Amino acid sequence: MAETNVAQSFTERRLGSAADLKLYQEELLAQKDPQQAEVIVCYGTGCLAAGAEQVEAALKEALDQAGLDTKVRPLIKTTGCRGFCSRGPLVVIQPEGLFYQKVKASDAEEIVQTTLVEGQPVERLLYQDPQSGEPIPREQDIPFYKKQHRLVLGRIGSVDPTDIRESIAAGAYQALAKVLTGMSPEDVVSEVEKSGLRGRGGAGFPTGRKWRGALKAIEKKGRPVYVVCNGDEGDPGAFMDCMIMEGDPHAVLEGMIIAAYALGSEQGYIYVRHEYPVAIKHLDLAMEQARSLGLLGDNILGSDFCFDLRINRGAGAFVCGESTALFTSIEGLAGEPRPKYVRSVEEGLWGRPTVLNNVESWANVPLIINNGADWFAGIGVPHSTGTKVFSLVGKVNNVGLVEVPMGTSLVEIIEEIGGGVPGGEPFKAVQTGGPSGGCIPYSLKDVPVDYDSLSKVGSMMGSGGMIVMDERDCVVDVARYFLRFLEEESCGKCIPCRLGLTRLREMLDDFSKGKGTEKDVEEIESLGEAIKDGSLCALGGSAPNPVLTTLQYFRDEYLAHINERRCPAGICKELISYQIDQEACTGCRTCARLCPQEAISGEKKKPHTIDQDKCIQCGICLESCNFGAVQVISPALVSQKSQEAAS
Amino acid sequence: MSTAPVEVDIDEIIERYPGKQEYLIFLLQDVQSAFRYIPPEALELICDHTGVPLSQAYSVATFYKSFSLKPKGEHQVKVCLGTACHLKGGERLVDDLERKLKVKAGETTADLLVTLETVNCLGCCALSPVVVVDDDYLAQATSGKLNKKLKSLAAQ
Amino acid sequence: MSDQNKRVGVFLCECGRRIAPLLDLAGLRQKLQDQDAAATVAIEPFPCLPPGMASMKKIIQDNDINRVVVAGCEARIMLKKLERELAEVGLEQGQIDMVNLRDHVAQVHDLAPEEMAAKGYKLIKAAVAGLEALESTPKELVEWNGPVVILGGGIATYAAAQELVRREIDCIIAVVTDDWEDEIRMLHEHYPGERHYYDRLENIMREVDQSPYVRRITVGNLSKLIGRTGNYQLTFEDMGSELPRVYQAGAVIACLDGQMLNQGTDFGHDGVNVICHTEAEEMIWTRGVPEGKVLFWLNDYEANQSEFVHLSARAAWAMGRYMRDHSPNTQVTIMYNSKMPIPLSAGERKLGRQLGITWVPYDGALRPTVQQGYLTYCDPESHIEQEMPWDKLILSPRRSLGQEVTKVAQVMGLDVREGEFLEQKHAKVRPEMQGREETFLAGSARYPCDLHEALRQGRRAAAKTAELVLKAKAGELYAPRMVCVVDTSKCIGCGLCKEICDCGGIEPVEGHGGGIPRHVDPLVCTGGGTCAAACPYHALTLQNNTLAQREARVAALARDLAPGEAIAFGCAWGGLAAADNAGVKGLKYSPGTYMLGVSCIGQIDPSVMARALLEGSPGVLLIGCPPEECHHSYGVDHTWSRVNMIRKLLEFSGMDRRRVALAHSDLNQPEEYIKTVESFERLMAELGPIEQTPENLEKLQGIYATVNNPRVRWVIGATMRRPWEDVYPGNQRNALAFDQDLLGILMEEFVRERVTRILQTEKRPMKLPELAGAIKEEPELVRESLHEMVSEGVIGRLHKDGVAYYVLRT
Amino acid sequence: MIEFKINDQPVEAQAGWTVLDTARQYGIHIPTLCHHEAVEPSGNCRLCVVELRDGDWSKVVISCMYPVQDGLQVYTDSDRVKNVRRWILEMLLSECPASSEIQRLAQEYGVEQTRFAIHDPEEDCILCGLCVRTCKEVVGVSAISMVGRGVHKVIGTPYMMPSDACVACGSCVTVCPTGAMRRRLDLVRGEPKTRMAHSAV
């Protein structure tokens, strides 16, 4: 990405008014030849991890080699995440909109030659319809994208996030211009109120009401007031905020600047998880470029309005996603939450009125201003308006980032957009809301995904992680996983959370070992309630949710563990054993070589066996077997040693 | 013979920020990324600069997972334990690496060669389970792939 | 001032259920009211919580209360909050006192509620008496006059100055040369192996040199320092320069560097091929990097300075790097004792590998031997003696304090001890006092350190000093209220206080010849008060916490004591804290001891002990910290001398010596504390009260007078020097002889004081037998004293009918 | 003047008071561990939970930090409150088996034994942080702090070495509700040079 040149070219220009911005946008659009070929390489984390950088380099080299005439020479552009991560690295050729997936560096030459020189698609790189097997050349025709309604993600994938000019050409900061030229702060707040936008970070508190509350607090306490962006997206398996910050940082900035205008704030903070270095880099760059254009800092767009932002990098604490912990962290302390009996719009950062919204909420604000509250309220369902971005992961074919109108049913998202579970069987459960959320069983597959419906079934919207589980996932194990995660991430300040999560997890550990009684199930529920009631912050307050919801919907599976000593999904180590199917085993020795316990024996090219006394159920044999010969048995085979001990 | 400086000027880092408590974490982060851990002297200097009592800075440095008070190894192996990676066997990889490296997650091998860490989610769930070695992503990592990678580290 | 009308309010705390039902608070209030013990008495469920606080404030305002006793819990924990809150209604520090009803009474005794109340009543009445004796002082601003002077010539000067100029504070730097670049040239004599840091140092020096806030003077060493924080006068040695020698300063920062000596010939040192770090640096400056095999031997272990081996190792590593970077034909090896971990990071190790600097360990059990061209050492792995070839062998330096530095430190009034660096461990009583050197001392003379650390110390000292300067500038630098002050009309300048002051707060005033009056630096004084308890003339007073207050308190308490009860004093760091903790733990013990808290047991003037006995206490127990843990350094030791004196006087009077006792208590051992008080109580029960016969009272009056006698006080004061001084009593060459002398003096003054008193009360000329009879002493003894008193002119002698009569001179 | 009810008893309070302040003023007992009058409340131990009710709506809050408001209906001993307290005490019994204060409290609230495994029979620290807050707010030295996070959290000094900042005042021992600081004090102040158990009288 051409950061340095971009940065240099701004020093000459400062946008003195809203009209100036419009003019600049038109200039930028005019500079662009709509017929100019563009090679867009997705630089989302998934694609990068899969080798997008190498693909880009190879494409560049191939273009140089091809010696294309500079006039027709296409532009290579890198963008934020296109969302279809399981198919990365992704390359899109514009203006045709050809969509190449799973591109390797070695494909570069062919792409250049076939597509750019000869104008033909490279068939084997196209997405194939899973049903018909027909190639689908264009992105918008792929089922994964067809069902989506990409608004917040609108610019992502088409603009280079490191060059503000692209975003401006695509309409960034027009909402800000609109606000500064024709809207009073009151107008802005009521517009957001009317839109029905609710916080995208978890609890779904109406954003407009929050801003209104801040205005009231300011009346009482005066300024300064702060606007803060919560980019400490910590839920494992959720990465939509990351992709928004990386792919369209200006949307976030614009939303915050608009709020700052409405509230009269002069300073804002963006708190970003440190595991997101690219997001930090892009935000930083975006701020710098916005400042040099006069879109941020003193006298924004020539007005009297001054507002600046600072990025606070998180330092590795999930709990800092909790609002009060995030404030203490910005203040430079250990990120322990404070009791929230006085709301943060009254007493937030440094005890001042503070408006905290998450990344996706902020990115929605310019859309509302640009298109009007009524337009926004028309999307989705009543009380849950607009769209929501989800990261769809787990046992689903199309892993990636999806944006759908609120109220879309669970099954639509998973089966139609997500392409269902690999292997075609129905999903077993979907975990939404991250560690604070719950598991929704297949039987509730038609539940509309909106704030209220999800809470009704015991889960929550959360920040938008959607983890699909199949029959080979054990609910006890998943509940333990989330508990262990939260146990590790608990700040340790209050006793119910610090001790309770460990104790709850230990009780589940017993279950996973087949120990426990039905009475313990009730005790788990009782302790879960105590933790919910007694914990200081939302982390502890919602921590028992995964356990409580799985108990609600999958009680039988829990009981199977203790009553039959059986893990139906074949996951809980103590209740399973591995066995080699003597028919299927080819004696390739791969498993025997990898087994850390040297528990697998057998001659070459003859079926192998596992010594149950040595086996530690690490599962490496299962993972490494290329012939499907390793089987999981539950209830476990009783090992020779324990047999002997028993006799 | 000439070498690029390996050590970073700690005073230069300190002077990047005003001496206020709100910059404590910034300073710790910069020191952490420069030294890959927070040396005791640096912690004291940061305290002098920000006016934060040593005990409080120590508390902050031990609270956040990204800070280390012990020197890190030359290479970092990070296993993702996000939900997607968990479902696809991330824990198994941690167990496996712990056995291979003979350290627990979060520790560094005695020869200061490798530090083994776990992370909550790297945001590339499509590739799960993922292991990152230095800046190299191992997609759909397996015990076999890790063996190869570790060997290449030792050979460097 | 409202002080004229001393109105004490008493607030009784229920502390939930921890005081109230156990102790009859209502009865206690009734009794206090009936006895008119205070202007107002109120019970609060929790005076310390907002509802109670609001109620207290209202009562204080409605009743014009200007002194408050809160009878509830530990003052150690709660007093600060009360002071902070009640400041809103005009109460100052010293005007609020606390009685720990909860932990000293209700929680620790098995008594009926009324009995508990009775004990509480006595303690509260004593506290009220103490407050009624308080003459509250007005707030005092600290006068600030002059810039910060940074002296001593150490390199930390520049870091300190930089820190000050960045805060726009004027400073004078007293340095050795006019040109800072010369200082860099000479720096390696104190800090070898620091070249990589010179650029940065130059920037600092340049910044300081160009700052308008800095004045650079080149003067001799400091020869005299007088004054106090905010107002010092410094005199430098004459160097023949035209600059003045005397400077005024608000604060002083001494930057002192240690010196580096070469190793002896036993290490083969020859100054040519076997050299030390400083010489190696000099060689690089003058002749460049030597070619061939350079061997650094970190011989600090063998030179008995193993604690500094890391410094030597870092210096060797830095020099080695420099050599490899500048001379491809130099091979660098560093030999180190295998006991020492290599102080390099992972990155540095890697760089070391790239540069080819090898670290070779040797087994420290065998001292390496230098030979021409080789160093013999024992390989720690194989245990074979190996030889390491060298063309240049570079040894670690010997680190010590130079003579000039020692002299400056002495002028500054620091503890300078043979063979030690200047850093001392202090017991701390206030957070702002921590490691007092930090505010005015920086450099490797404090303790050996590298350049970076020396500069850091400079910055830190300057930052702490700057806090004071800025506060003073803003007119907000107030003197603490509980510090010593000198009554110059009483002070004769004997210097005793200066000698025993542990905090260094007492300074002479520049002036007229022999008798130099003293004054106290309130910002340095820790308020321990052992100096005040030692002053022969009562010229020193611990203001807002005076001797008169303590006497009033014990007097009030002693008068109320029942048989078998006694008074104890506990220091906040030992006895009092242990008593508090016994209560917190709910340990039960016998109720006969009445604990009075003080900040240091050393502030108990012998006069207080004598007063307690005189007023009817059967004994006094003083419970301080464990020895050597005294937060005021020597308070406990000083107390021993005072207790010893009273014990001798008791014996003269025919009373049991053991009635006054000194004990030690660790705050964390409340069980042991209980053993202490119960043991003392048993003793008191055994001895019974001192019978209130005229004879006994006369003697107790005599003891009281004797301990206030200037000569006695002077002798006691002069003999309780710092324990580490090996002159006395650490090395009691003539312990018995001294004690015999002391006995003689005590007896003499005991008799004289009593004779004087008898003559005063009788107001008539008296004969020797009469006098001897009145004080019940041997006539021979009395005669001797009378003769001396006559010859000194204290009394007159008349002869009537051939009989000598003695009369008081008026 | 603010008027509300605690356990149906009408009470009066002033703005700025907490529910606990008010309850104590009226002699209504609410158990606490991490609360100390000399320092700011922090809300760690959660033992002082009370239930707020308003019709069907109900919420559990901590009384030591909940600001009084007109018309509150506070219940200090409801079933929800008891459930939280019971579990806290049951967990503390297993976590801090060495503390007699915890045993006493557990008994007072009807928790006879704990279902949980005891990890460390010597442990008595409940990590309420009173010592840390006292060291900072009352003594002003901040010699000790919380070290680590979550389940790994302990009370300690920098690098777990005796602290230079410590003034050895023992305030931490005095305020500690479970007596846990007692055996930690020497880790903070350093081993005393002389430890005299008892002096002859």
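From a predicted model like this one, the values you see are computed outputs, not experimental measurements.
Annotation: maximal heavy-atom pairing with chain A below 4.5 Å, among D/Glu51, D/Met146, D/Glu95, occurs at D/Glu95. Taking chain D as the reference chain and counting heavy-atom pairs below 4.5 Å, the highest number among A/Arg338, A/Lys493, A/Glu488, A/Glu489 is found for A/Lys493. In terms of heavy-atom pairs under 4.5 Å with chain A, the best-connected choice from D/Ser42, D/Ser145, D/Gly129 is D/Ser42. Ranked by heavy-atom pairs under 4.5 Å with chain D, the list A/Leu499, A/Val319, A/Val342, A/Thr502 is led by A/Leu499.
Put simply, SG on A/Cys491 and CG on D/Asn44 are 8.5 Å apart, with the number rounded to the nearest 0.5 Å. With rounding to the nearest 0.5 angstrom, the CG atom of D/Asn83 is 12.5 Å from the NZ atom of A/Lys532. Separation of atoms CG (D/Leu47) and SG (A/Cys494) is listed at 12.5 Å; rounding is to 0.5 Å.
A/Tyr341 contributes a side-chain N or O that, together with a main-chain N or O of D/Ile62, makes up a donor-acceptor pair within less than 3.5 Å. Using a distance-only test at 3.5 Å, with no hydrogens or angles considered, a donor-acceptor pair links the side chain of D/Arg46 to the main chain of A/Gly534.
Taking non-hydrogen atoms and a 4.5 Å limit, the residue list of residues 26-40 of chain D in contact with chain A is empty. Identified by a heavy-atom distance below 4.5 Å to chain A, the contributing residues of residues 64-75 of chain D are D/Met65, D/Tyr66, D/Pro67, in residue-number order. Residues of residues 151-160 of chain D having a heavy atom under 4.5 Å from any heavy atom of chain A, listed by number: D/Val151, D/His152, D/Lys153. Within residues 506-531 of chain A, the residues approaching chain D closer than 4.5 Å by heavy atoms are, in numerical order, A/Glu506, A/Met507, A/Asp520, A/Glu523, A/Ser526, A/Leu527, A/Glu529, A/Ala530.
Within the 4.5 angstrom heavy-atom criterion, only side-chain atoms of D/Arg115, from C-beta onward, approach chain A. Contacts of D/Ser94 with chain A are made by both backbone and side-chain atoms, with heavy-atom separations under 4.5 Å. Contact of D/Val81 with chain A is not made at all, since no heavy-atom distance falls under 4.5 Å. Heavy atoms closer than 4.5 Å to chain D are found nowhere in A/Ala334, neither backbone nor side chain.
Heavy atoms of other residues, nucleotides or ligands lying less than 6.0 angstrom from NZ of A/Lys456 number 12 at most.
Contact of the D/Val49 side chain with the A/Asp533 side chain is not registered, since no non-hydrogen atoms from C-beta on lie closer than 4.5 Å.
Remark: A/Glu336 does not engage D/Arg149 in a salt bridge, criterion side-chain N to carboxylate O under 4.0 Å.
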